[in-house]
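Below: the structure, in structure tokens.
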Amino acid sequence: MEKVTNKMSDDISVEISGKIKNRIESLESLAIDLETKLCAIPAISPDSGGEGEIDKCVFLESWLVKQGITGLQRFDAPDDRAKGKVRPNLIATVKGTESGGCLWIMSHMDVVPPGEISLWKNDPWKAVAGEKNGKKCLIGRGVEDNQQGLVSSVLAVLALAGEGLKPKRTVKLLFVSDEENGSAYGIGWLMKAHPELFNADDIALVPDAGDEYGSSIEVAEKNIAWARFVTHGRQAHGSRPDQGVNAHLAGADLAVRLHYGLTKKFGDHDPLFDPDFSTFEPTKKEANVPNVNTIPGEDVIYFDMRILPRYPIAEVLRETDRIIGEIQTLHGVKIDYTLSQAMESKPTRPDSPLIKKLTKNIEAVYNVKAKSIGIGGGTVAAFMRNSGMDAAVWCTETKSAHQPNEYALIANILGDAKIMALMMLEDF
């Protein structure tokens, strides 16, 4: 990891920066307390068998008010499956000294289920203190994904208030639901139901992905398309394939031709991403007939497509339709498909003011050279970018999210909070 000479932002004095850092260090016990209490509330989506985020949101709302953060608004997406029949989204507003766009810091309240309990050393819903490579940490479901970012953003606001400082831009801490299952009740719903909350001159920081050094700033995402293909043939006895139409054979041919055909057709490379090319992968397959000696009359396969932003999804689907036409003619089958997810994302320029300021403050706090990257996974930042905002996905993480014994380093919680606080004082 490339080190840089430690320096302060041109807009923030060394004295103020030092006070902020010291203030955040003094909030360590508060950070641990908040993490522990949040961890004890399993905010799992109904899609994953949970009750949703309402209990966690109500607790967080009350906790913030007790800390003096009172500019709160809640926006509830209706969901009859969830406790209270809502999926809450909470905004905490801290007024800035200048007019213009807001600085959004968006984290999510929902977590994934713990998975196989026997793989956990402790109760996943009770955050416990631990140590990783000589560094203090907390272990529990959600402590990193995404409570680390949530807690860091709150500490940043409290540190400024503790030092009697106000942010330049108005700060909006946004705590959303449903990030883990597609954001239909979170940022996706909020931007559709309440577009008045957002403006194109706003900027956004999403502390939900990064690396162990805090040096990777995600500025672009591949377009995502998840497809379910159903091949319709005609069932027959295994000894008489001439009397049937083998949907499984056609489906297998479809999987191979889509994988290689789309990969070749959309074969550009972009070094911003890793891997630096579009991927078209057959993944899930549904069971067809239960016995060996029957020709299947129906076959279902799924594709996960991660496409470089230069290729619109519509263009990929046109080529998909062409390949399907060839398969139908060759095998005498009928193929239809649906998309469970189709998301395109505009990139944020690496030379935008947001990325430049974030890069500078990362270097000032962590003493590392930050770099802009693209990813294949989808994040909530795509919603912000597609509305016209510049958005950065960034944090310092252990890569333990979704795993048994998920953990967050205390140093990462505090360090990221320092950078967020400095960003709040920046003049963009």
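By the salt bridge (Lys or Arg N to Asp or Glu O under 4.0 Å) test, E326 is found to be paired with R257, R322, residues two or more places apart in sequence or in another chain being considered. Take D321 and apply the side chain to side chain donor-acceptor pair (under 3.5 Å) test, not counting sequence neighbours, and it matches Y337. Shown here are the side-chain contact (heavy atoms from CB on, under 4.5 Å) partners of K95, two or more places apart in sequence or in another chain: T170. Residues satisfying the side-chain contact (heavy atoms from CB on, under 4.5 Å) criterion with K192, sequence neighbours excluded, are absent altogether. Annotation: ring-ring contact (aromatic ring centres under 6.0 Å, His included) contacts of W120 (sequence neighbours excluded): none. Shown here are the side-chain contact (heavy atoms from CB on, under 4.5 Å) partners of V289, two or more places apart in sequence or in another chain: Q235, N291, T294, P296. Not counting sequence neighbours, the partners of V112 by the side-chain contact (heavy atoms from CB on, under 4.5 Å) test are R141, E180, H402.
Counting heavy atoms from C-beta on, the side chains of P124 and I117 come closer than 4.5 Å. By the 4.5 Å heavy-atom criterion applied to side chains, L258 and T320 are counted as neighbours. Inter-residue side-chain proximity for M384 and M106 is flagged as met; some heavy-atom pair is nearer than 4.5 Å. With a 4.5 Å cut-off on side-chain heavy atoms, I139 and E406 do not count as touching. No side-chain heavy atom of M305 sits less than 4.5 Å from a side-chain heavy atom of W226.
Within the structure, the ring pair (Phe, Tyr, Trp, His ring centres under 6.0 Å) test picks out the following pairs touching residues 297-336 (sequence neighbours left out): F229-F303, F266-Y311. Judged as a side-chain hydrogen bond (donor to acceptor under 3.5 Å, both in side chains), the pairs with a partner in residues 271-280 (not counting sequence neighbours) are, in order, H269-D276. Under the ring pair (Phe, Tyr, Trp, His ring centres under 6.0 Å) criterion, no residue pair touches residues 377-397, with sequence neighbours excluded. Among residues at least two apart or in separate chains, ring pair (Phe, Tyr, Trp, His ring centres under 6.0 Å) pairs with a member in residues 92-111 are W104-F198. Here salt bridge (Lys or Arg N to Asp or Glu O under 4.0 Å) pairs that include residues 408-420, with residues two or more places apart or in two chains, are E25-K418.
Within a 6.0 Å sphere centred on NZ of K135, heavy atoms belonging to other residues, nucleotides or ligands number 12 at most. The number of heavy atoms from other shown groups lying within 6.0 Å of CG (N133) does not exceed 12.
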Problem set entry | Test side-chain contact (heavy atoms from CB on, under 4.5 Å) applied to I224 and E344, step by step | CA-CA 6 Å; I224 298 176; E344 295 184 344; over 6 Å; no
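Side-chain atoms of D178 come within 3.5 Å of backbone atoms of A184 as a donor-acceptor pair (strictly under, hydrogens ignored).
Under a 4.0 Å N-O distance rule, the pair D351/K356 does not qualify as a salt bridge. The existence of a salt bridge linking E28 and K136 is confirmed by a sub-4.0 Å separation between a basic side-chain nitrogen and an acidic carboxylate oxygen. Between E61 and R74, at least one side-chain nitrogen of the basic residue sits less than 4.0 Å from a carboxylate oxygen of the acidic one, meeting the salt-bridge criterion. Taking a cutoff of 4.0 Å between a charged side-chain nitrogen and a carboxylate oxygen, E53 and K83 do not qualify as a salt bridge. Electrostatic pairing of R169 and E98 does not count as a salt bridge here, judged by no charged N lying under 4.0 Å from a carboxylate O. With salt bridges taken as basic N to acidic carboxylate O contacts below 4.0 Å, none links E179 and R87.
No hydrogens or angles considered: a donor-acceptor pair under 3.5 Å links the side chains of T348 and R385. No hydrogens or angles considered: nothing links the side chains of T396 and N412 as a donor-acceptor pair under 3.5 Å.
Ring centroids of F280 and H259 are separated by 6.0 Å or more, keeping the two rings apart.
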